[in-house]
Amino acid sequence: MIEVVNLCKSFGDNQVLKNISTTIKKGEKVVIIGPSGSGKSTFLRCLNCMEDPTSGSIIFGGVDIADPKVDINVHRQKMGMVFQHFNLFNNKTVIENIMMAPVHVATKKLKKQKRANLLKKLHLKKGAPEAIDTSVQEIKAHAREKAIELLKRIGLEDKADAYPSSLSGGQKQRVAIIRSLAMDPDVILFDEPTSALDPEMVGEVLDLMKDLADQGMTMVVVTHEMGFAKEVGTRILFMDEGTILEEGTPEEFFGNPKTERSKDFLSKVLI
Amino acid sequence: MNGFIFKVEKFLDILLNKGGYKEVLTGLQNTMIIAVAGLLIGIVIGTLIATVRVMPKYKATVRAMDKFCSFYVGLFRGTPMVVQLLVFYYVMLPLLGLKMSSVLVAITVFGLNSGAYISEIMRGGILSVDPGQMEGGRSVGLSYGTTMMKIVIPQAVKNILPTMGNEFIALVKETSVVSFVGAKDLYLAFQSIGSGTYEFMVPYLAMAIIYIVIVCLITVLIRIMERRLSKSDRSR
């Protein structure tokens with residue numbers, strides 16, 4: 001599904017990622033762990049070009065999205081992302097947060113269709129006008145329906161019209177997760193989704209993530225939650241100093257780490 | 001004291017019985033038109049410039065636009081408003097062979113000028129919004145422009161509202177120089193009342209009071225807008 005080929009990323013003279021190549025298959029739950037400063041978050045952020053790779057390619061849906069000529073926005077719609085600090089839109093209510101991208105994308109398509117039809121009617125463009133079977137109202141109603149369904153799933157339908165500032169951290173993160181789900185992504189990237197949460201709220205977010213994993217969502221997760229990595233992960237990538245030092249199933253990695261660095265790391269983290 | 005009351009009576013006589021109020025109303029109208037239209041043009045120009053200036057500068061076109069914008073801001077912040085009015089009216093218009101009413105000239109210059117100031121205010125506002133907001137928008141596939149217009153700028157506007165109020169107040173007061181190009185503003189209205197009787201004390205006092213009243217009204221207006229916009233700040 002995602003093929004990373006010779007990915008390098010530098011910030012100025014500081015090379016953060018060194019020639020990373022890996023393939024993420026459909027349905028995999030890849031968990032990236034490693035010490036801080038090892039480049040895990042940068043790697044994840046390169047996957048959807050939130051950071052532009054310095055060199056190398058990222059093949060997603062058959063297209064190299066690292067190519068600056070590619071319209072990255074189209075591909076990001078199929079590649080959700082969940083951030084450490086949630087990044088919900090503060091000026092929008094919860095339901096608006098969820099509806100925003102689906103409505104925007106659908107209305108944009110509708111407008112394009114209408115424009116094409118107008119040109120065809122004026123004989124400025126060849127072909128007969130296509131039938132338009134939807135309207136802005138319908139798009140909005142549909143998106144709202146779906147958003148409410150998603151909110152029900154996380155039990156926050158009563159918060160639909162609240163602003164993010166009135167939610168707890170755990171609630172914000174769960175809303176952020178369903179915001180990315182609203183676009184029906186093929187894969188979701190999680191950038192330390194529980195690191196900014198109160199300990200009490202970590203559970204509810206991890207539960208939702210497990211729920212997603214059980215439904216077969218492809219996930220790439222950067223986390224410090226070793227329990228989650230063990231339980232949910234199908235593959236562990238251990239990163240250090242900008243390279244993937246070790247990879248394997250959770251059983252292999254946690255049971256029998258191969259490198260000194262990973263042994264050292266695992267001995268220091270609580271499992 | 002008697003002298004002052006006499007002067008007030010004389011002023012009121014001109015104002016109410018000899019048609020002075022018409023001039024004052026026209027002046028007030030022009031002052032407000034110039035300030036409001038100038039502010040609106042300024043907001044449009046300022047937002048555009050600010051957006052260009054905070055754009056990531058990978059492309060040569062963006063870098064060129066950025067250069068132009070900083071030149072523009074430097075030009076309009078580097079010269080006094082009066083000079084801009086005079087240059088526009090007496091240099092630019094004849095050179096371009098255009099004819100414009102003096103109020104229109106004033107609106108144009110005020111718009112261009114406040115655009116330069118508002119761009120810096122807006123840029124600060126945009127930079128004050130958490131970069132995560134932009135990332136959040138981009139991560140769900142919204143374009144840079146869409147995220148900017150729908151997510152970042154609305155939050156930036158909320159942050160800069162007090163400063164924008166300041167800018168508007170400054171614009172209202174600065175309209176008092178538009179008589180340099182012959183626009184009939186509040187100052188010109190009271191000046192002509194005064195010169196009719198060679199008695200300036202009361203007209204100018206009245207003018208000052210009117211300016212203060214306008215500014216107070218604007219302050220109240222801004223306060224109301226701030227309260228409206230802060231609804232997403234706290235839980236309801």
Side-chain angles (χ1 to χ4, degrees), chain A residues 44-45 47-52 68 71-94 96-105 107-108 159 161-168 172 175-176 178-185 188-191 196, chain B residues 43 47 50-51 54-65 122 124-164 225-236:
Chain A
L44 191 80
R45 289 164 60 82
L47 288 182
N48 68 349
C49 296
M50 206 53 94
E51 301 288 351
D52 288 313
D71 182 6
I72 186 68
N73 299 325
V74 178
H75 299 284
R76 282 196 188 131
Q77 288 158 16
K78 289 287 150 207
M79 214 181 208
M81 188 170 207
V82 175
F83 300 87
Q84 184 176 356
H85 295 287
F86 333 121
N87 295 359
L88 291 176
F89 308 137
N90 293 330
N91 58 333
K92 303 270 175 198
T93 60
V94 166
E96 283 169 348
N97 262 279
I98 303 166
M99 288 167 59
M100 174 135 194
V103 168
H104 182 78
V105 169
T107 45
K108 208 171 151 189
K159 294 279 187 189
D161 295 316
Y163 282 92
S165 53
S166 68
L167 303 182
S168 74
K172 278 184 198 169
V175 171
I178 60 167
R179 177 177 71 177
S180 69
L181 277 182
M183 294 299 291
D184 288 319
I188 302 186
L189 314 174
F190 293 85
D191 189 3
Chain B
I43 288 175
T47 309
T51 314
V54 297
M55 262 188 206
K57 304 197 171 40
Y58 301 132
K59 290 186 192 148
T61 45
V62 177
R63 277 199 296 273
M65 271 164 26
M122 192 62 101
I126 291 172
L127 293 178
S128 76
V129 175
D130 170 21
Q133 294 290 310
M134 174 55 83
E135 288 187 351
R138 298 307 305 275
S139 78
V140 286
L142 301 177
S143 67
Y144 180 87
T146 309
T147 317
M148 203 57 159
M149 290 313 293
K150 295 201 168 166
I151 308 295
V152 178
I153 289 183
Q155 293 181 50
V157 166
K158 198 170 77 186
N159 292 349
I160 63 175
L161 212 59
T163 331
M164 285 294 260
M225 277 170 76
E226 267 179 64
R227 212 168 300 151
R228 281 257 178 95
L229 284 173
S230 68
K231 68 178 180 201
S232 61
D233 280 349
R234 263 161 261 108
S235 52
R236 289 190 290 173

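In what follows, every chain begins at residue 1, and chains take the letters A, B, ... in the order their sequences are listed.
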Undergrad: Under 4.5 Å from any heavy atom of chain B, what part of A:Asp52 do you find: side chain, backbone, both or neither?
TA: side chain

Undergrad: At a heavy-atom separation under 4.5 Å, does A:His85 approach chain B through its side chain, its backbone, both, or neither?
TA: neither

Undergrad: Pick one of side chain, backbone, both or neither for A:Phe83, based on which atoms fall under 4.5 Å of a heavy atom in chain B.
TA: side chain

Undergrad: Where does A:Ile72 contact chain B at under 4.5 Å (heavy atoms): side chain, backbone, both or neither?
TA: side chain

Undergrad: Write out, in numerical order, the residues from residues 54-63 of chain B with a heavy atom short of 4.5 Å from a heavy atom in chain A.
TA: B:Tyr58

Undergrad: Calculate, to the nearest 0.5 Å, the distance between atoms CE and CZ belonging to A:Met183 and A:Arg76 respectively.
TA: 12.5 Å

Undergrad: With rounding to the nearest 0.5 Å, note down the distance linking CD1 in B:Ile126 to CD in B:Gln133.
TA: 13.5 Å

Undergrad: Measure the OG1-CE distance between A:Thr93 and A:Met99 for me, rounded to the nearest 0.5 Å.
TA: 8.5 Å

Undergrad: Does any backbone or side-chain atom of B:Thr147 lie under 4.5 Å from a heavy atom of chain A? Answer side chain, backbone, both or neither.
TA: neither

Undergrad: To the nearest 0.5 Å, how far apart are CG in A:Asn73 and NZ in A:Lys108?
TA: 6.5 Å

Undergrad: Out of curiosity, B:Gln155 CD to A:Asn91 CG, how far, rounded to the nearest 0.5 Å?
TA: 4.5 Å

Undergrad: Give a yes or no answer on whether the side chain of B:Arg138 reaches the backbone of B:Leu142 with a donor-acceptor pair at less than 3.5 Å.
TA: yes

Undergrad: What's the separation between atom CE in B:Met134 and atom CE in A:Met50, rounded to the nearest 0.5 Å?
TA: 10.5 Å

Undergrad: Going through the checks in order, is the side-chain contact (heavy atoms from CB on, under 4.5 Å) test met by B:Ile43 and B:Met164?
TA: CA-CA 9 Å; B:Ile43 288 175; B:Met164 285 294 260; 3.5 Å; yes

